[in-house]
Amino acid sequence: MTKWNSLSASLMKRLKLHYQMSNSIPALAQARSFTTSEGHRPAIIHKRSLDILHDPWFNKGTAFTMTERDRLDLRGLLPPNVMSSEQQIERFMVDLKRLEVQARDGPSDPNALAKWRILNRLHDRNETMYYKVLIAHIEEYAPIVYTPTVGLVCQNYSGLFRRPRGMYFSAEDRGEMMSMVYNWPADQVDMIVVTDGSRILGLGDLGVHGIGIAIGKLDLYVAAAGINPQRVLPVMIDVGTNNEKLLKDPLYLGLQQNRLDGDEYLAIIDEFMEAVFTRWPHVIVQFEDFQSKWAFKLLQRYRNTYRMFNDDVQGTAGVAIAGLLGAVRAQGRPMIDFPKQKIVVAGAGSAGIGVLNAARKTMARMLGNNESAFEAARSQFWVVDAQGLITEERENIDQDASPFARKVKEINRQGLREGASLVEVVQQVKPDVLLGLSAVGGLFTKEVLEALKGSTATRPAIFAMSNPTTNAECTPEQAFSILGENVIFASGSPFKDVDFGNGHIGHCNQGNNMYLFPGIGLGTLLSGAPIVSDGMLQAAAECLAAYMTEDEVHEGIIYPSISSIRDITKEIAAAVIMEAIEEDLVEGYRGVDSRELRKFSKEQILEFVKNNMWSPEYPTLVYNQD
């Protein structure tokens with residue numbers, strides 16, 4: 001009983017509610033039949049003939065039936081053979097495999113970027129088909145539309161730009177944003193991903209080219225969460241760039257001026273937020289790849305006023321927490337032993353500090369959620385940045401990192417000092433977990449990994465979480481070759497599993513943010529919650545951590561297969577809704593009001609989520625002349 005007594009009251013309440021719901025008699029026989037606009041309703045359109053074929057939202061290509069061809073003046077504009085969507089996908093996949101090499105712009109253009117080009121052309125022609133392909137082959141194409149290939153796309157965006165996708169708000173648009181938002185054709189927008197291009201993945205300031213990350217992220221919201229693609233909006237806020245190469249590039253598409261800063265910068269973001277929430281009061285805005293300097297400030301500025309969250313700070317933290325809890329399970333221990341883990345963190349940027357704050361809160365909740373619990377949790381972390389171990393002796397310490405600065409007496413006892421190297425820290429601390437969020441490729445050198453051999457853990461864990469692949473702190477081959485088969489390995493970008501040649505496999509777990517952000521967004525949308533609370537984020541992380549079976553975690557698998565992403569998202573969205581209900585934040589969605597939603601069982605919430613996830617099916621098109 002002592003372990004259970006250490007849990008906080010809120011966590012106990014959640015576990016009790018989860019137990020009651022999972023053991024209740026399903027009430028689906030009496031459940032209402034949900035009507036959803038994501039179902040197969042006819043689409044009313046105001047165009048015919050070639051105008052339809054040139055509209056990617058409504059174009060079906062060769063899948064138009066003969067009846068539709070007559071009704072919409074398409075007969076004779078398409079080959080006579082009507083094809084099913086399955087046949088269309090088969091044709092596209094054959095062409096894609098054949099064209100991958102041919103689509104390369106010379107030997108320096110990798111196959112991944114060639115695949116992106118081909119998929120993007122399909123996206124421009126036929127959105128439904130594009131998302132059918134993406135969902136059906138999500139494991140293969142998620143790394144193409146998202147990390148790591150999206151980094152290449154952003155670096156080459158001036159040459160890849162063909163047609164506008166999303167909106168651009170610049171420093172020159174000050175005073176005009178409230179009217180500008182009405183230039184977007186959709187009367188309803190559910191999800192916006194916005195970036196200022198200042199810190200794209202680990203690639204630095206890419207300016208206006210950063211719109212590629214917002215586009216890729218929203219593709220996954222559609223594919224994984226079933227957000228209707230007609231109700232998503234990628235946004236770039238162009239306040240200039242400090243990238244000298246872009247400032248001198250005559251082909252650069254953005255403002256060729258240095259970045260605005262201070263109050264001028266804040267005024268532009270404030271104006272943007274007011275404008276989008278004025279037109280779309282229920283939209284959810286995800287901030288993406290803002291430099292650390294602004295990521296926390298903007299999150300704290302808006303999180304209690306608007307439906308928004310920052311994926312780099314909160315999404316990365318949630319995925320890392322799920323992985324850390326999974327690593328505890330893989331060691332054969334219960335998740336409530338998490339506060340006993342010794343964790344060395346390499347990196348004190350927005351992602352690193354976000355993970356530290358979330359991990360500390362999780363530990364503190366398990367220890368009683370009081371002041372002494374937070375202090376005890378703090379003592380489990382050693383943070384190393386570019387200047388070495390962060391202690392209270394550090395001059396001009398970043399205020400976000402200061403809560404994790406080690407006390408002088410503590411480090412003296414451990415034989416450490418201010419600025420101690422990563423190797424020294426690992427040698428002296430003997431951590432259970434080595435967590436990398438540094439954006440420094442190869443930071444976990446042979447010496448660092450050798451030092452981890454002294455870990456007191458039965459199965460030490462390495463999290464090389466920096467993106468893209470070139471920025472990973474180490475590869476799985478390096479980790480397994482030095483530490484052996486027993487190590488738990490996770491990374492931010494995809495790597496292949498390692499075959500030991502003896503019938504055993506070293507599993508490379510990709511701690512991809514796409515496990516969480518689609519479910520967080522979908523759950524927030526369907527709950528109607530006016531904010532994204534810490535509790536909702538915590539519920540998402542705990543749901544992901546519990547998704548794996550005991551057999552899987554004992555094999556070293558702490559994250560599920562991307563192929564299950566829609567089911568994972570459904571479960572996480574349901575967990576977010578349940579937490580919103582518990583926190584009395586739920587306000588309902590469309591035809592389901594808050595009172596009804598509060599009465600739902602877990603099974604009914606899952607059905608509610610499932611029925612509100614858009615699927616890429618061709619609708620019946622009905623022409624209506626204005």
Side-chain angles (χ1 to χ4, degrees), residues 54-57 120 123-124 127 130-131 145-146 150 153-154 157-158 160-200 205-222 225 227-241 246 252-257 259-260 264-290 294 298 302 306-311 517 521 525:
H54 294 160
D55 187 334
W57 279 353
N120 196 53
H123 199 175
D124 288 344
E127 285 224 346
Y130 172 76
Y131 288 113
V145 302
Y146 186 44
V150 72
V153 172
C154 291
Y157 201 73
S158 284
L160 294 170
F161 179 83
R162 293 294 180 270
R163 54 165 287 184
R165 194 182 299 282
M167 288 195 74
Y168 299 80
F169 296 84
S170 79
E172 295 184 351
D173 297 319
R174 279 174 282 192
E176 302 293 336
M177 295 183 192
M178 190 66 75
S179 59
M180 284 173 62
V181 291
Y182 289 90
N183 292 338
W184 189 250
D187 291 329
Q188 182 177 345
V189 171
D190 292 335
M191 183 66 59
I192 289 174
V193 174
V194 59
T195 184
D196 69 352
S198 58
R199 191 200 65 85
I200 299 300
D205 184 349
L206 297 184
V208 77
H209 294 175
I211 185 97
I213 194 75
I215 294 169
K217 209 90 174 186
L218 284 167
D219 278 347
L220 295 184
Y221 268 111
V222 176
I227 304 294
N228 190 314
Q230 296 188 34
R231 297 204 292 269
V232 301
L233 174 57
V235 170
M236 160 55 59
I237 298 181
D238 185 0
V239 295
T241 179
L246 296 179
Y252 177 57
L253 297 171
L255 295 181
Q256 290 187 299
Q257 63 183 46
R259 284 187 171 275
L260 296 183
E264 280 189 301
Y265 176 86
L266 282 174
I268 288 175
I269 310 299
D270 283 348
E271 184 179 348
F272 163 76
M273 291 294 280
E274 184 181 2
V276 295
F277 278 94
T278 296
R279 185 175 182 198
W280 302 295
H282 303 294
V283 72
I284 299 164
V285 176
Q286 179 195 305
F287 277 59
E288 182 71 21
D289 284 352
F290 282 71
W294 288 112
L298 295 175
Y302 302 128
Y306 297 115
R307 301 174 92 190
M308 63 80 63
F309 67 102
N310 183 305
D311 186 51
F517 69 77
L525 177 69

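Residues passing the side chain to side chain contact (heavy atoms under 4.5 Å, CB included) test with Val285 are Ile192, Val194, Met273, Val276, Phe277, Val283, Phe287, Met308, sequence neighbours excluded. Remark: Ala171 pairs with Arg174, Leu255, Gln257, Leu260, Ile268 by the side chain to side chain contact (heavy atoms under 4.5 Å, CB included) rule, at least two apart or across chains. Scored by the side-chain hydrogen bond (donor to acceptor under 3.5 Å, both in side chains) test, Arg259 finds Asp205 as partners (sequence neighbours excluded). Pro229 meets the side chain to side chain contact (heavy atoms under 4.5 Å, CB included) test with Glu127, Tyr131, Val222, Trp614; sequence neighbours excluded. Residues that satisfy the ring pair (Phe, Tyr, Trp, His ring centres under 6.0 Å) test with Tyr221, not counting sequence neighbours, are Phe517. In this structure, Asp238 has no salt bridge (Lys or Arg N to Asp or Glu O under 4.0 Å) partners at least two apart in sequence or on a different chain.
Atoms CD and CE, on Glu274 and Met178 in that order, are 4.0 Å from each other to the nearest 0.5 Å. The distance from atom CG of Leu525 to atom CG of Asp190, rounded to the nearest 0.5 Å, is 4.5 Å. In this structure, the separation between CD1 on Ile211 and CE on Met236 is 5.5 Å, given to the nearest 0.5 Å.
Contact annotation: the side chain of Asp187 approaches that of Arg279 to within less than 4.5 Å [non-hydrogen atoms, C-beta and beyond]. Counting heavy atoms from C-beta on, the side chains of Gln188 and Asn228 never come closer than 4.5 Å. Between Val181 and Thr278, every side-chain heavy-atom pair lies at or beyond the 4.5 Å cut-off. Leu266 is listed as a side-chain neighbour of Trp294, based on a closest heavy-atom distance under 4.5 Å. Between Arg165 and Asn120 there is a side-chain heavy-atom pair separated by less than 4.5 Å. Counting only heavy atoms from C-beta outward, the side chains of Ile215 and Val153 never approach each other to under 4.5 Å. Between Met167 and Leu233 the shortest side-chain heavy-atom distance falls below 4.5 Å. Counting heavy atoms from C-beta outward, Phe272 and Asp196 have side chains that stay 4.5 Å or more apart.
What you find for Cys154 and Ile213 is that their closest heavy atoms are SG-N, 3.6 Å. Phe169 and Val235 make their closest contact through CD1-CG1, 3.7 Å (heavy atoms, listed as atom of the first residue, atom of the second, distance). Listed here is the closest heavy atom pair of Ala186 and Gln230: CB-O, 3.6 Å. Among all heavy-atom pairs drawn from Glu288 and Val193, the shortest one is CB-CG1, 3.8 Å. Shown here for Asp289 and Ile200, the closest heavy-atom pair between the two residues is OD2-CA, 3.5 Å. For the residue pair Glu176 and Glu271, the shortest heavy atom distance occurs at N-OE2, 3.3 Å.
Residues Asp173 and Tyr168 have side chains that never bring a donor and an acceptor to within less than 3.5 angstrom of each other.
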query: Could you walk me through whether Lys217 and Thr195 pass the side chain to side chain contact (heavy atoms under 4.5 Å, CB included) check?
result: CA-CA 11 Å; Lys217 209 90 174 186; Thr195 184; over 6 Å; no
- prompt: What's the verdict on side chain to side chain contact (heavy atoms under 4.5 Å, CB included) for Asp219 and Tyr130, showing C-alpha distance, side-chain angles and the deciding distance?
  reply: CA-CA 10 Å; Asp219 278 347; Tyr130 172 76; 2.7 Å; yes
field: Working for side chain to side chain contact (heavy atoms under 4.5 Å, CB included), residues Leu298 and Asn310
entry: CA-CA 9 Å; Leu298 295 175; Asn310 183 305; over 6 Å; no
message: If you apply the rule side chain to side chain contact (heavy atoms under 4.5 Å, CB included), what do you find for Phe290 with Arg199, and how did you get there?
response: CA-CA 6 Å; Phe290 282 71; Arg199 191 200 65 85; over 6 Å; no
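Of the possible polar contacts, none joining the Tyr252 side chain to the His209 backbone as a donor-acceptor pair under 3.5 Å is found.
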